[in-house]
Amino acid sequence: MVVRAHSSAAGALALLSEPDKVFKQHALKALNQLVPQFWAEISEHIALIESLYESEDLPKDARDTAALLASKVYYFLGEYGEALSFALGAGNAFQTEARTYATAEYVETVVSKAIDRYIDLRFDETPPAAKIDPRLQSIIEAIFRRCIDEGEYRQAIGIALESRRFDIISHIYDLTHDVSLLSYAMEVVLDTGFPLSYRDQVLNLLSPLFPSPSQTNSSHMPALARLHVTLNNPSTTTTLLTSLVQNDKLVAYQFAFDLVEGGARDFLEAVRKELPQGKDETKDIFEKLSNILGGEVTVKLYLEFLKRTNKVDMHILKHSKDALEPRSSIYHTALTLQNAFMHAGTTSDIFLRDNLEWLGMATNWAKFSATAALGVIHKGYFQEGMNILGPYLPQHGTESQIQGAAYSEGGALYALGLINASGSGQTADYLRETLRNSQNEIVQHGAALGLGIADMGSRSAEAYDDLKETLFTDSAIAGEAAGYAMGLVMLGSASQVCAEEMITYARETHHEKIIRGLAMGLSFVFYGRQEEADDTIRLLLAEKDPIMRYGGVYTLALAYAGTSDNDAVRQMLHIAVSDTSDDVRRAAVTSLAFLLFKNPDQVPRIVQLLSESYNPHVRCGATLALGIACAGTGMQDAVQILEPMTKDGVDFVRQGAFIALGMILVQQSEAGSPSMSSTRALYTKVISDKHEDPMARFGAALGQGLIDAGGRNATISLQSRAGTRNTSAIVGMTLFCQFWYWYPLAHCACLAFEPTAIIGLNGDLKVPKFEFMSNARPSLFGYPAPATPPKKETAAKVATAVLSTTAKVKAREKKKAAAEQDAMETADIKKDVDVEMKTEEPSTSTKRKTEPNSEKVANFSRVTPVQLGYITFPVEGRYHPVRPVATRGAKGAPLSMGKKGLPSERYAGGGGILILVDERDGEEAELIDLEPPPPATATGGNAMQNGFANAAEQLHSHLDPSAPEADPPEPFEVRDRWF
């Protein structure tokens with residue numbers, strides 16, 4: 001049979017006007033086959049086709065065919081709403097088309113529109129769900145049945161979540177009993193911007209479906225911990241912990257540690273208070289759980305890890321010190337920050353003690369930053385915080401009269417807040433008292449910043465009122481810090497009363513510093529509140545004052561942090577290209593990082609064009625967006641965008657590129673990241689070049705500090721190991737971005753430093769000695785090689801003129817002496833030849849050493865986030881963790897392998913503190929001694945307990961507030977950025 005190609009649909013269209021029903025039915029069937037080629041011609045007769053669909057004279061199947069034809073025509077015309085309406089009218093004809101996929105693109109589009117309409121109707125509370133078109137309902141039910149029958153459970157769960165069909169989720173879990181599907185549903189609702197009220201409904205549905213961790217291999221424990229942290233329901237969490245104690249205390253300990261990794265302080269404290277006292281054998285278990293939930297156990301373990309494994313390369317710091325002029329405030333601050341970041345949490349102030357003369361050159365706010373840096377270095381050392389900073393802290397009841405003392409005192413108060421960033425009630429009380437008693441605005445500035453960080457998220461009315469009183473003094477310096485701190489104390493409260501007070505005062509004051517502090521404080525108040533912040537966001541973004549709009553941008557970013565909300569991203573991009581203020585545009589581009597940090601792969605693609613903008617502020621924002629969102633990933637797509645920007649013609653764009661590269665390449669190795677060695681060399685070159693712009697050298701110094709953060713044992717992550725938002729890190733990076741206006745705020749980057757360790761604990765919460773396997777080449781995750789100090793170049797001497805006759809005489813004498821020497825050494829050489837031939841193999845036979853494919857790693861060692869995927873515990877080993885070492889990427893995506901055999905994405909969580917099952921419980925365990933090492937000596941080491949007081953006094957003598965200050969400068973115009 002010969003099939004003839006049709007050149008027109010005119011013949012079939014003519015049959016539609018025939019009076020005989022048989023001709024019409026035949027025409028409709030023929031046109032359904034011809035519509036992809038001749039839809040334009042058929043569309044001229046759409047009215048006739050619609051009339052046939054409505055005609056009562058035709059049989060039902062013919063009317064269905066007419067509706068299907070009309071639907072296809074509207075699809076090709078781009079009228080998808082009409083196409084869906086007629087598809088619903090087509091009934092069985094559309095169902096048959098969908099089953100056969102005769103026109104796949106048409107079917108997929110109509111089904112997609114059907115799902116969208118169904119979701120809209122389900123979310124719209126005005127029409128009840130019962131009034132949804134039954135034909136639409138039947139299509140959706142058919143989609144659910146097909147997904148379940150074909151095993152596409154995740155697709156069905158996605159549609160069910162969008163359409164609020166909780167029954168489908170429960171039905172799928174009853175069929176499969178697959179806990180990973182529950183985890184998938186939880187991650188979808190948490191990471192895709194669902195409204196808060198609906199999010200809590202889903203989590204409350206999922207919570208009872210999760211089995212107890214003790215009933216399985218506990219692989220879902222991280223997901224369960226994230227669920228409880230997000231629900232923030234202490235009673236439910238306490239009930240679960242109590243049941244775990246009865247079944248398996250090891251799982252209870254692990255669950256408590258996982259809660260601490262992601263939980264807010266008020267939530268953990270509430271769970272701690274609700275824990276029962278326990279009886280007999282359970283009393284000790286509940287006491288240990290209470291200590292764990294207090295957070296200090298975790299902080300102490302990580303602090304000890306950073307102390308013991310500190311790998312800071314002092315040659316790098318020495319090079320920076322020699323290259324940067326210490327009498328320049330910007331360079332002194334740059335080196336201060338570089339040293340603070342590199343030694344963050346290590347408690348090692350060896351560089352400061354070895355360079356006391358350099359330290360003594362700090363003046364005014366550089367002295368404030370130098371003192372505050374002690375808080376970064378000793379972060380988490382609660383017990384000794386007051387002793388370390390004692391020489392600098394102001395004495396209550398007396399106001400220092402020594403010129404310059406206020407800078408070191410204010411910096412010490414700020415440092416005290418950084419040391420106690422994880423929370424300490426006594427520290428907050430001390431800072432509040434100092435804030436009330438001091439009349440010096442510099443001391444108040446440090447006290448307010450310290451109080452905001454130490455009391456972050458406490459929502460303390462007393463602290464808020466004290467800060468408000470400081471604000472009302474209308475001091476630009478003290479008021480700016482009070483604005484930041486008021487937001488930090490009320491973090492995530494969404495308090496309308498506080499918001500109205502802060503907005504009102506921001507509109508009344510004339511100090512730009514205070515307005516900026518309050519605008520940023522508002523963003524902290526609405527942290528994580530999503531739609532509850534929408535009214536305030538609209539109000540701030542409509543303000544005439546660009547500083548208030550700047551605050552509105554960060555309020556939008558923090559309210560939807562980590563959600564990847566499409567509307568928020570779209571609004572941010574609109575502001576980035578349309579606002580009249582460069583500051584607001586830069587902030588909008590930077591803030592994309594806070595929205596998208598859980599999907600860092602998207603950020604390079606989104607900011608690619610922005611990085612090429614004509615506006616340097618937009619380009620600068622693109623650098624920080626890449627750095628913050630892709631921090632610690634080593635993502636080459638981001639690096640490839642940043643590397644050309646290090647040669648930008650604008651100094652502050654180069655500065656941002658240097659900082660961003662340090663964030664992205666932190667804890668990357670030269671074997672795993674091809675850009676690592678070139679970036680380090682670039683930092684050294686820029687810092688050394690005295691002709692470089694100061695801002696670029698400042699950025700290179702900060703980048704060099706960030707790339708070696710925490711003694712090369714910490715990464716930067718806005719996501720906690722539990723998979724939740726890392727609140728401290730998000731707040732810390734937000735404050736760090738404000739270094740554009742106020743350099744001391746750069747110290748807050750340390751809040752985002754996350755120690756990368758595996759710390760195994762036994763049932764007594766002691767640290768046993770054992771080893772596990774890293775199934776990868778050691779060079780992929782090893783520490784970088786030590787930097788080699790530059791060789792000293794000696795000046796070449798100018799050759800003196802020598803007469804030819806003199807030269808000949810000297811040459812003859814030299815030749816004669818050489819001949820005599822050769823004769824004397826010949827015998828010795830011959831004796832040595834035989835020995836050398838026997839002991840040395842020929843160079844041609846020397847074999848190149850091959851690197852092993854695995855290595856043993858001791859407990860209490862560094863394990864980078866990417867390396868977690870390669871960690872295994874030997875089957876025959878004594879210890880095994882109660883939960884998996886690592887968790888997969890977001891939404892259960894399989895971990896794909898990238899170049900050089902490395903995963904293309906790092907694990908979303910894992911590592912950290914692991915509770916171990918002891919397979920030989922009866923045997924005595926060899927433990928790691930966690931007693932502090934001896935204090936540092938004059939030549940090196942860490943400044944530990946006994947050495948802290950002496951080191952502090954020694955440092956204090958070189959930051960002596962009684963040292964004469966330079967005369968104040970002549971009056972000058974204040975600019976937004978000081979340097």
Side-chain angles (χ1 to χ4, degrees), residues 299 303 307 336-337 339-340 343-353 356 359-360 362 365-400 402 404-435 437-438 440 442-455 481 485 744 747-748 750-751 932 935-936 942-963:
V299 173
L303 181 69
K307 288 180 189 177
T336 294
L337 291 169
N339 174 58
H343 284 102
T346 64
T347 70
S348 172
D349 53 14
I350 183 66
F351 176 77
L352 300 178
R353 289 187 288 107
L356 296 173
L359 191 64
W365 288 107
K367 182 182 295 186
F368 179 95
S369 283
T371 312
L374 293 174
V376 180
I377 294 171
H378 299 286
K379 180 178 176 289
Y381 206 178
F382 303 139
Q383 305 91 331
E384 294 294 330
M386 295 295 291
N387 293 336
I388 295 166
L389 298 170
Y392 312 103
L393 293 170
Q395 302 300 316
H396 288 309
T398 61
E399 192 72 27
S400 178
I402 303 175
Y407 292 103
S408 57
E409 291 176 356
L413 294 168
Y414 181 20
L416 192 61
L418 291 171
I419 288 176
N420 294 274
S422 299
S424 174
Q426 294 180 349
T427 300
D429 293 340
Y430 171 80
L431 291 168
R432 282 179 51 211
E433 183 181 354
T434 304
L435 183 66
N437 293 337
S438 178
N440 186 293
I442 299 170
V443 175
Q444 290 177 335
H445 181 90
L449 287 178
L451 177 59
I453 294 171
D455 218 20
H747 287 296
C748 292
C750 72
L751 301 178
N942 293 335
M944 300 300 174
Q945 281 183 343
N946 297 330
F948 276 137
N950 294 335
E953 291 173 2
Q954 194 178 16
L955 290 175
H956 181 253
S957 66
H958 283 76
L959 284 175
D960 186 2
S962 62

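A 4.5 Å side-chain heavy-atom check between T371 and Y407 finds every atom pair outside the cut-off. In this structure, the side chains of P394 and N437 stay at 4.5 Å or more apart for every pair of heavy atoms. At least one side-chain heavy atom of C748 sits under 4.5 Å from a side-chain heavy atom of Y414.
Here the shortest heavy-atom pairing between C750 and V376 reads CB-CG1, 3.6 Å. Of all the heavy atoms in V443 and E409, the pair that sits closest is CG2-OE1, 3.6 Å. Shortest non-hydrogen contact noted between Y430 and L413 is CE2-CD2, 3.9 Å. Heavy-atom minimum distance, D349 versus I377: N-CG2, 4.5 Å.
Remark: L337 engages T333, F341, F698, L702, A746, H747 in a side-chain contact (heavy atoms from CB on, under 4.5 Å) (not counting sequence neighbours). Under the side-chain contact (heavy atoms from CB on, under 4.5 Å) criterion, A481 pairs with H445, A448, L449, not counting sequence neighbours. Under the side-chain contact (heavy atoms from CB on, under 4.5 Å) criterion, L303 pairs with K307, T347, Y381, not counting sequence neighbours.
To the nearest 0.5 Å, the span separating OG on S408 from NZ on K367 amounts to 6.0 Å. To the nearest 0.5 Å, atoms CZ (F368) and CD1 (I442) are separated by 9.0 Å. Between atom CZ of residue R353 and atom CG of residue L359 there is a gap of 12.0 Å, rounded to the nearest 0.5 Å.
Counting only N and O atoms by type, the side chains of D429 and Q426 include no donor and acceptor under 3.5 Å apart.
N420 places a side-chain N or O within donor-acceptor distance of the main-chain N or O of L416, the cut-off being under 3.5 Å.
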Checking side chain to side chain contact (heavy atoms under 4.5 Å, CB included) for the pair L374/L352: CA distance, chi angles, key distance, verdict? CA-CA 10 Å; L374 293 174; L352 300 178; 3.7 Å; yes

